[in-house]
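When a ligand or atom number is given, it counts from 1 through the structure's own listing order. Positions are given from 1, in the same order as the sequence printed here. The structure displayed is predicted, hence computed values, not measured ones.
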Amino acid sequence: MDVAYDWNSLPVPSHLREFEARWTQRRDPLAFSGIWRFHSLLPFAPPEQVVTIGEGQTLLQEANSVADYVGVKPGRLFLQYEGMNPSGSFKDNGMSAAFTHARMTGARRAACASTGNTSASLAAYCAVTRLMKAVIFIGSGKISYGKLSQALDYGALTVQIAGDFDDAMARVREVSRELGIYLVNSINPFRLEGQKTIMLRVLEALNWEPPDWIVVPGGNLGNSSAFGKAFMELKELGLIDRVPRLAVVNAAGADTLYQLWHDRRVRWNGGHPPKETIDEYFREMDERQAKASTIASAIEINRPVNLYKCLRALEFCDGMVCRVSDQEILDAKAQVGAGGIGCEPASGASVAGARMLRQIGAIEENERVVCILTGHQLKDPTATVAYHTTDQAKFNEVLGSRGVKRASFANRAVAVPNDLAEIVKAIQLYS
Ligand SMILES: *Cc1c(COP(=O)(O)O)cnc(C)c1O
């Protein structure tokens, strides 16, 4: 399902620059919001129904140390830091839109199955606005404390199912139907409407001049789908004349899109994607009982719900798909961290992917590249600490088990005796 507008009957700006005037009205929460400042490009809700908790105050940072790592010229690499959102990930972009739609339907409860950022985001919207009660379904597998702690702290009803994420997803669908609960999982098309604005903020930060590349991690493929839709609409409305190329990066342990794209040559094909080929792929995956596995938990997904929309985006944006190992993800993440903006492992995939596309010559050293950092560094401190640790057993437990062999850019703590002279000596030696 897709949200479509009859643009001819709607007021749209004649130039993107017109949005800048909204800044002068920023005491109005709808002008302050990084989503609803662009309301006329996602006009599905009347203003009085719109829900905002101040999301979208994000940063596009020129990152020269990361440019060097990726292999592009200084001033050519930018990090779009979505970790600055109220709940610490880009999910707030989509949630403010889906939550607004939930309110329009008169829902009193909203639910999702998620072990991560979606639940943290939903819990935050419910807690701040008090418009609805959040119901969160989690499996009994490993859960990042950084994310679970938010849902608990914000007072969401947290239902723990004896099963895995897929079981939780299946149950939340049934329960939502039975009890009339509004579902905010990734298949919800209104989430994508909110996520379109990430691209509007990128364009705004670049003085409305489209970059050459947008690089984004691919999990459920909501972001890539939303970015493509944003550019399709901007082009249709004559608000941009050039469309950036889109690169979607899978983790090697969760590479459905990569497999379909490269090995089975699946394409959107002008609206006629090969459904049989795709269905057959999933059948084979079930037969093998394949499970997604990557340290980047936010993209540890084998059945991306927005697959078709992502294929559409890839076609429109002349896109590419690549795949990176957990080793590459963590090394790239460490480079991002060393540049002063941390991110969670899934976000590191975008930088690792950009580096790979540079190495194969797809990205040129002069091109302007925007990597999306989808989530905050503190969302998954376990992976970060294990990477930098001096404790080999800890490293092996968290990372070695995933085939990560070395921490190429580790910044290790220095152990010293509790003695002034020794401490002074260590500081002089290491700094
Ligand atoms: C949800 C999430 C992703 C995956 O995004 P999709 O839109 O599902 O592809 C990536 N990174 C982080 C931090 C996330 O929370």
Is the side chain of [X] donor-acceptor paired with the backbone N or O of [Y] at a distance under 3.5 Å, no angle test?
X	Y	answer
Asn85	Gly56	yes
Asn250	Tyr258	yes
Thr100	Val51	yes
His262	Val321	yes

**OP:** Classify the angle between the aromatic ring planes of Phe190 and His101 as parallel (below 30°), tilted (30 to 60°) or perpendicular (above 60°).
**Re:** parallel
Subject >> Audit row: Ser144, Asp380, side chain to side chain donor-acceptor pair (under 3.5 Å) steps and yes/no >> reply: CA-CA 6 Å; Ser144 150; Asp380 189 0; 4.6 Å; no
Original post:
Under a 4.0 Å heavy-atom cut-off, which residues neighbour ligand 1?
Top reply: Phe90, Lys91, Asn117, Pro217, Gly218, Gly219, Asn220, Leu221, Gly222, Asn223, Ala298, Ile299, Glu344, Ala346, Thr374, Gly375
